[in-house]
Amino acid sequence: VKVKIPFGNKCLDAIFSVPEKKPTYGVILTHGAGGDMNFPHLVSLAACLASHGVLCLRFTCKGLNLVYRTKAFKAVVEYLKLSDDYKLSGVFLAGRSMGSRAAASVIRQLSQGDEDDGFIQGLVCLSYPLHRPKLQSKLRDEDLLLIRCPVLFVSGSADEMCEKQLLEGVVNKMKAPKKIHWIDKANHGMAVKGRTTNSVMEEINAQVFSWLTENVQLEHK
């Protein structure tokens, strides 16, 4: 289902992947610095989640400014929260690369204010860009260290923007419940020599879905 989400004086293009049964939980998903919501990994993940009963709303927000991207993500969260069509108990925010930075930033902002009503259940970071290529001294970890909800990282062990030891170091400092799944030998774009894109996507989708299930169950024991 295609929708237009109001954002300032314009609209963001978005697509709902709707499960057959009425969903209780949703995932809001966005792309990295390049590309849009039709990036194959996002389409594949959205289809996988919907087939397992999780509503997925993916959206496009062009622009390389993190503050702008964060504001857009916030607008989408509000839109889904107030939606009459889908009454959800909670959502997980997810993004690829820069999109995951925007998602982390939204969660930090919403959890610091009085707005934290438990609607946001967790964060999924696909290829989180912890640093610029070859610039490991400046880590983009400030939002991550302030987040309290559960976080899943899915990163390639050969990601040129997320050195393995550095991410593990940041994760050890995080106060939130967290998990890292390394895709062996994958780069920032999740490409692995000798493996098909589909097999990599299946691995990512399976990890994300099982983590979501664990965390929804934790909330509702």
**OP:** Could you please spell out the steps behind the ring-ring contact (aromatic ring centres under 6.0 Å, His included) verdict for Tyr86 and Phe16?
**Re:** CA-CA 10 Å; Tyr86 310 103; Phe16 276 108; 4.5 Å; yes
**OP:** List the steps, then state whether ring-ring contact (aromatic ring centres under 6.0 Å, His included) holds for Phe7 with Tyr68.
**Re:** CA-CA 11 Å; Phe7 174 49; Tyr68 177 76; 5.4 Å; yes
**OP:** Take Phe153 and Trp211, measure what ring-ring contact (aromatic ring centres under 6.0 Å, His included) needs, and give me the verdict at the end.
**Re:** CA-CA 10 Å; Phe153 294 94; Trp211 179 84; 9.7 Å; no
Original post:
Can you check side-chain contact (heavy atoms from CB on, under 4.5 Å) on Ser97 and Leu126, steps first, answer last?
Top reply: CA-CA 6 Å; Ser97 192; Leu126 307 174; over 6 Å; no
**OP:** Evaluate side-chain contact (heavy atoms from CB on, under 4.5 Å) for Leu12 paired with Tyr79, printing each intermediate quantity in order.
**Re:** CA-CA 11 Å; Leu12 300 167; Tyr79 171 84; over 6 Å; no
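Side-chain contact between Arg148 and Met174 is absent, with no heavy atoms from C-beta onward closer than 4.5 Å. Side-chain contact check for Val171 versus Leu167: some heavy-atom pair is nearer than 4.5 Å. Here the side chains of Asp184 and Val192 are not in contact, with every heavy-atom distance at 4.5 Å or above. Considering only heavy atoms from C-beta on, Pro129 comes within 4.5 Å of Arg140 through its side chain. Under the 4.5 Å side-chain criterion, counting only non-hydrogen atoms from C-beta, Phe92 is in contact with Val216. Within the 4.5 Å cutoff, the side chain of Val27 has no heavy atoms near those of the Val124 side chain. Looking only at side-chain heavy atoms (C-beta outward), Ile180 and Leu152 stay at 4.5 Å or farther from each other. Glu163 is listed as a side-chain neighbour of His131, based on a closest heavy-atom distance under 4.5 Å.
In this structure, CD in Glu168 is found 10.0 Å from OG in Ser155, a value given to the nearest 0.5 Å. Going from atom NZ of Lys175 over to atom CG of Leu146 covers 8.0 Å, rounded to the nearest 0.5 Å. Atom CG of Asn187 is separated from atom CD of Glu160 by 5.5 Å, given to the nearest 0.5 angstrom. One distance of note links CD of Gln165 with CD of Gln136; it measures 10.5 Å at 0.5 Å rounding. Going from atom NE2 of His188 over to atom OH of Tyr128 covers 11.0 Å, rounded to the nearest 0.5 Å. Between Leu42 atom CG and Asp36 atom CG the span is 8.5 Å, to the nearest 0.5 Å.
Each of Ile28 and Leu66 belongs to its own hydrophobic cluster when Ile, Leu, Val, Met, Phe, Trp and Tyr are linked at side-chain heavy-atom distances under 4.5 angstrom. Grouping the Ile, Leu, Val, Met, Phe, Trp and Tyr side chains by contacts below 4.5 angstrom, directly or via other members, places Val151 apart from Met161. Val76 and Ile15 are not part of a single hydrophobic cluster, where members link through side-chain heavy atoms under 4.5 Å apart. Taking hydrophobic clusters as Ile, Leu, Val, Met, Phe, Trp and Tyr residues chained together by side-chain heavy-atom distances below 4.5 Å, Met98 does not share a cluster with Val67. Taken together through direct or relayed side-chain contacts under 4.5 Å among Ile, Leu, Val, Met, Phe, Trp and Tyr, Leu80 and Leu110 form part of one hydrophobic cluster.
Sparse packing is recorded around CZ of Arg132, with 12 or fewer heavy atoms of other residues, nucleotides or ligands lying under 6.0 Å away. Annotation for Lys179: atom NZ counts as buried by contact number, over 12 foreign heavy atoms lying within 6.0 Å.
Between the side chain of Ser157 and the backbone N or O of Lys185, at least one donor-acceptor pair lies under 3.5 Å. The main-chain N or O of Ala103 is never found under 3.5 Å from a side-chain atom of Arg69 such that the two would form a donor-acceptor pair.
When all heavy atoms of Gln109 and Thr70 are compared, the closest pair comes out as NE2-CG2, 3.7 Å. Looking at every heavy atom in both residues, Ser100 comes nearest to Gly95 through CB-O, 3.3 Å. Pairing each heavy atom of Leu139 with each of Glu142, the nearest pair is O-OE1, 3.7 Å. Smallest separation of non-hydrogen atoms from Pro40 and Met201: O-SD, 3.6 Å. The two residues Lys87 and Asp84 make their nearest non-hydrogen contact at NZ-OD1, 3.3 Å. Of all non-hydrogen atoms in Phe119 and Leu88, the two that sit nearest each other are CE1-O, 3.8 Å.
A salt bridge does not link Asp143 with Arg101: every distance from a Lys NZ or Arg NE/NH1/NH2 to an Asp or Glu carboxylate oxygen is 4.0 Å or more.
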Ignoring hydrogens and angles, write down the donor-acceptor pairs under 3.5 Å from the side chains of residues 44-61, residues two or more places apart or on other chains.
from: Ser44; atom 1: OG; to: Asn205; atom 2: ND2; distance (Å): 2.8
from: Ser51; atom 1: OG; to: Ala47; atom 2: O; distance (Å): 3.4
from: Ser51; atom 1: OG; to: Cys48; atom 2: O; distance (Å): 2.7
from: His52; atom 1: ND1; to: Cys48; atom 2: O; distance (Å): 2.8
from: Arg58; atom 1: NE; to: Met37; atom 2: O; distance (Å): 2.8
from: Arg58; atom 1: NH2; to: Asn38; atom 2: OD1; distance (Å): 3.3
from: Thr60; atom 1: OG1; to: Met37; atom 2: N; distance (Å): 3.0

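Applying the side-chain contact (heavy atoms from CB on, under 4.5 Å) test between Met190 and each of Arg195, His41, Glu203 identifies His41 as the sole match.
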